[in-house]
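Just so you know, ligand 1 is whichever comes first in the structure, and atom 1 is the first atom listed for that ligand.
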Amino acid sequence: MDPSRAKNFIPPSDDNTPIGTLSPASAIAQSFTNVMMESVIADLNSSIDAPFEPAPAPMIKKDQIADLEEVPHGILRQAKKLDDYEFPVHRLKKKLTSENKIPLIIVACGSFSPITYLHLRMFEMAMDSINEETRFEVIGGYYSPVSDHYRKQGLAKSTHRVRMCELACERTSSWLMVDAWESLQHEYTRTAQVLDHFNEEINIKRGGVETPTGEKIGVKIMLLAGGDLIESFGEPNVWKDEDLHHILGNYGCLIVERTGSDVRSFLLSHDIMYEHRRNIMVVKQLIYNDISSTKIRLFIRRNMSVQYLLPNSVIRYIQEHRLYKGSEPVKQVMGSKE
Ligand SMILES: Nc1ncnc2c1ncn2[C@@H]1O[C@H](COP(=O)(O)OP(=O)(O)OP(=O)(O)O)[C@@H](O)[C@H]1O
Ligand SMILES: NC(=O)c1ccc[n+]([C@@H]2O[C@H](COP(=O)(O)O)[C@@H](O)[C@H]2O)c1
């Protein structure tokens, strides 16, 4: 049927209203558009940052991988002050499943401004490689957002970055956690010190993890990083040699290859990395993902959609707190990483 013959058809106005501008007759459509602009699809009527009500959440199976956006699971909010800080262990495996495996904790350090699906995928890719190629059993995974003292372009306040990481973990993962210790420090903390903090919490304070036979053994801790971060190992005055020996020798590194960067060649060419090559594992991206926080911030500033690039809960948090609308110069936004 020709829609222009319908009873409720309103002909287009013949004034000079630009295409895309709604006429007054479209008030309903207008208000709907406003709602959609202000909030993404989930949880339309509640604040994203409202205190969590533990009550009627359906039970989640241990290894469930479905989108948990609507189903908070294992919630622990990080302290906003160092005095109230507690190391999060709510999703840490209490006991090793297999006697023949070596327990492993994965730690990702970074800005996470904001956290994206790439940052979440990094852990899943690492997990697949570990299960396929090693004798490690992953007992936990942590994000450690850098503190405000890092002074990098585009860094939202650390309380926001920690909360966005928490939302992403709570709503999309059943095993990832966020540790706010680094973000709460009163000065910049080098990555080697951050890994020492994890060692202190897990191996020194808690004595490691229980094996199936009941004894406790030490947990290996590895840094999870992208190829770009690792390439900064070669830049002058960015990392101390002693820190690199400490990170690569005493801990270890899982490197997620980045589109366009040749991690293996870099590994060969870098003396300290080559020395510790047995403690370094390159994680192949079988499906390339190059979502960049820098570009996300630019899209937000330009009122472009970022849906499907980061979890809805994180998008809602950004909208509610009006993050990344500010004054980051575009030149810097599209800087050297692009
Ligand atoms: N495209 C990518 N491929 C692999 N790893 C990545 C990619 N983008 C970021 N990473 C890694 O994610 C971790 C956290 O990154 P961080 O938030 O500090 O930087 P970023 O994602 O590049 O953000 P920005 O755009 O603000 O620099 C780092 O280890 C970084 O190497
Ligand atoms: N010397 C160091 O320990 C050192 C140097 C550069 C970056 N980093 C860490 O790498 C992470 C990501 O840094 P960029 O966002 O600058 O790539 C941050 O967590 C930062 O603290 C550590």
Side-chain angles (χ1 to χ4, degrees), residues 106-126 129 141-156 158 160-162 164-165 168 176 178-183 185 187-198 222-248 251 253-263 266 272 282-301 306 309-310 314 323-324 328 332-338:
I106 309 174
V107 178
C109 291
S111 310
F112 309 114
S113 188
I115 186 169
T116 70
Y117 275 127
L118 182 267
H119 298 132
L120 291 157
R121 277 293 301 161
M122 284 174 72
F123 276 92
E124 299 293 327
M125 291 187 268
S129 298
Y142 291 92
Y143 289 98
S144 180
V146 77
S147 75
D148 295 336
H149 307 286
Y150 193 45
R151 301 202 185 288
K152 185 179 161 179
Q153 277 286 342
L155 217 57
S158 60
H160 290 316
R161 289 179 289 111
V162 167
M164 288 188 279
C165 287
L176 295 176
V178 187
D179 180 31
W181 180 86
E182 180 184 355
S183 72
Q185 298 304 305
E187 54 187 25
Y188 173 67
T189 313
R190 303 193 317 277
T191 301
Q193 299 168 298
V194 176
L195 296 176
D196 284 346
H197 153 73
F198 278 92
M222 287 182 94
L223 177 69
L224 174 64
D228 60 320
L229 184 64
I230 299 308
E231 283 176 18
S232 77
F233 284 5
E235 286 167 25
N237 307 322
V238 180
W239 300 81
K240 292 182 181 183
D241 282 359
E242 65 194 76
D243 279 7
L244 293 184
H245 281 294
H246 187 55
I247 293 170
L248 300 173
Y251 298 107
C253 204
L254 297 155
I255 308 174
V256 177
E257 61 172 16
R258 195 169 189 168
T259 334
S261 76
D262 186 354
V263 179
F266 182 71
I272 302 178
V282 178
V283 176
K284 228 181 146 32
Q285 286 210 51
L286 295 172
I287 298 178
Y288 278 112
N289 179 342
D290 209 10
I291 301 173
S292 130
S293 298
T294 306
K295 282 193 183 156
I296 298 281
R297 296 194 297 272
L298 178 61
F299 278 27
I300 292 168
R301 216 177 131 198
V306 290
L309 298 173
L310 39 162
V314 176
L323 302 182
Y324 308 121
E328 190 176 355
Q332 300 276 4
V333 170
M334 300 301 287
S336 58
K337 282 201 169 179
E338 306 307 317

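The shell of residues lying under 4.0 angstrom from ligand 1, judged by heavy atoms, includes Asn289. Ligand 2 lies out of reach of Ser232, whose nearest heavy atom is not under 4.0 Å from it. Using a 4.0 angstrom heavy-atom cutoff, Arg297 counts as in contact with ligand 1. Within the 4.0 Å heavy-atom cutoff, Lys152 counts among the residues contacting ligand 1.
Residue Gly110 places no N or O, backbone or side chain, under 3.5 Å from any N or O of ligand 1. Between Ser113 and ligand 1, not a single N/O pair is under 3.5 Å apart. Backbone and side-chain nitrogen or oxygen atoms of Asp228 are examined, and none is located within less than 3.5 angstrom of a nitrogen or oxygen of ligand 2. The distance criterion of under 3.5 Å between nitrogen or oxygen atoms is met by Lys152 with respect to ligand 2. Of the polar atoms of Gly227, none of the N or O atoms is found under 3.5 Å from an N or O of ligand 1, judged by distance alone.
Close approach to Gln285 involves these atoms of ligand 1, each under 4.0 Å from a residue heavy atom: 3 (N), 4 (C). Heavy-atom proximity to Asp228, at under 4.0 Å, picks out these atoms of ligand 1: 30 (C), 31 (O). Ligand-side atoms of ligand 1 in range of His119: 12 (O), 14 (C), 15 (O), 17 (O), 21 (O), range being under 4.0 angstrom from any heavy atom. The atoms of ligand 2 that sit less than 4.0 Å from any heavy atom of Tyr188 are 2 (C), 3 (O), 4 (C), 8 (N), 9 (C), 20 (C), 21 (O), 22 (C). Atom numbering of ligand 1 starts at 1 in the shown order; those under 4.0 Å from a heavy atom of Ala225 are 29 (O). Of all atoms in ligand 1, numbered sequentially from 1 with element shown, those under 4.0 Å from a heavy atom of Asp290 are 1 (N), 2 (C). The Arg190 neighbourhood of ligand 2 comprises atoms 3 (O), with distances under 4.0 Å to a heavy atom of that residue. Listed by atom number, the atoms of ligand 2 under 4.0 Å from Leu229 heavy atoms are 10 (O), 11 (C), 12 (C), 13 (O), 17 (O). Those atoms of ligand 1 with a heavy atom of Met122 less than 4.0 angstrom away are 11 (C), 12 (O). For ligand 1, the atoms closer than 4.0 angstrom to any heavy atom of Ser111 are 16 (P), 17 (O), 18 (O). Each of the following atoms of ligand 1 lies closer than 4.0 Å to a heavy atom of Leu229: 29 (O), 31 (O). Short contacts between ligand 2 and Ser111, defined as distances under 4.0 Å to a heavy atom of the residue, involve ligand atoms 15 (O).
Under the 6.0 Å cut-off for aromatic ring centres, Tyr143 and His119 do not qualify, their centroids lying 6.0 Å or more apart.
When non-hydrogen atoms are compared, ligand 2 lies under 4.0 Å from neither the backbone nor the side chain of Lys240. In Val146, the part holding a heavy atom less than 4.0 Å from any atom of ligand 2 is the side chain. Contacts between Thr191 and ligand 2 below 4.0 angstrom, taking non-hydrogen atoms only, involve backbone and side chain alike.
Ring pair His197/Trp181 is parallel by interplanar angle, where below 30° counts as parallel and above 60° as perpendicular.
For the residue pair Tyr188/Gln193, the side-chain donor-acceptor check at 3.5 Å is not satisfied.
Qualifying side chain to side chain donor-acceptor pair (under 3.5 Å) partners for Asn289, counting only residues two or more places apart in sequence or in other chains: none. Listed by chain and number, the residues in a side-chain contact (heavy atoms from CB on, under 4.5 Å) with Glu187 amount to none (sequence neighbours excluded).
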Next on the checklist: Does Ile296 form a side-chain contact (heavy atoms from CB on, under 4.5 Å) with Tyr324? I'd like the steps, not just the answer.
Outcome noted: CA-CA 9 Å; Ile296 298 281; Tyr324 308 121; 5.9 Å; no

Next on the checklist: side-chain contact (heavy atoms from CB on, under 4.5 Å), that's the test. Do Met222 and Phe198 meet it? Break it down for me.
Outcome noted: CA-CA 10 Å; Met222 287 182 94; Phe198 278 92; over 6 Å; no

Item to check | Evaluation steps, side-chain contact (heavy atoms from CB on, under 4.5 Å), between Leu224 and Leu254 | outcome: CA-CA 5 Å; Leu224 174 64; Leu254 297 155; 3.9 Å; yes

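Which of Ser147, Gly110, Ser144, Gly154 comes nearest to atom 19 (O) of ligand 2 through a heavy atom is settled by distance: it is Gly110.
Remark: Asp148 engages Arg161 in a salt bridge, criterion side-chain N to carboxylate O under 4.0 Å.
Heavy atoms only, all atoms of each residue included: Gly234 and Phe266 are closest at N-CZ, 3.8 Å. The two residues Trp239 and Ser232 come nearest to each other via the heavy atoms NE1-OG, 2.8 Å. Nearest heavy atoms, Met164 versus Ile115: O-CG2, 3.6 Å. Minimum heavy-atom separation, Ser113 to Ser293: O-CB, 3.6 Å. The nearest pair of heavy atoms linking Val107 to Leu195 is CB-CD2, 4.1 Å. Among all heavy-atom pairs drawn from Gly226 and Met122, the shortest one is N-CE, 3.8 Å.
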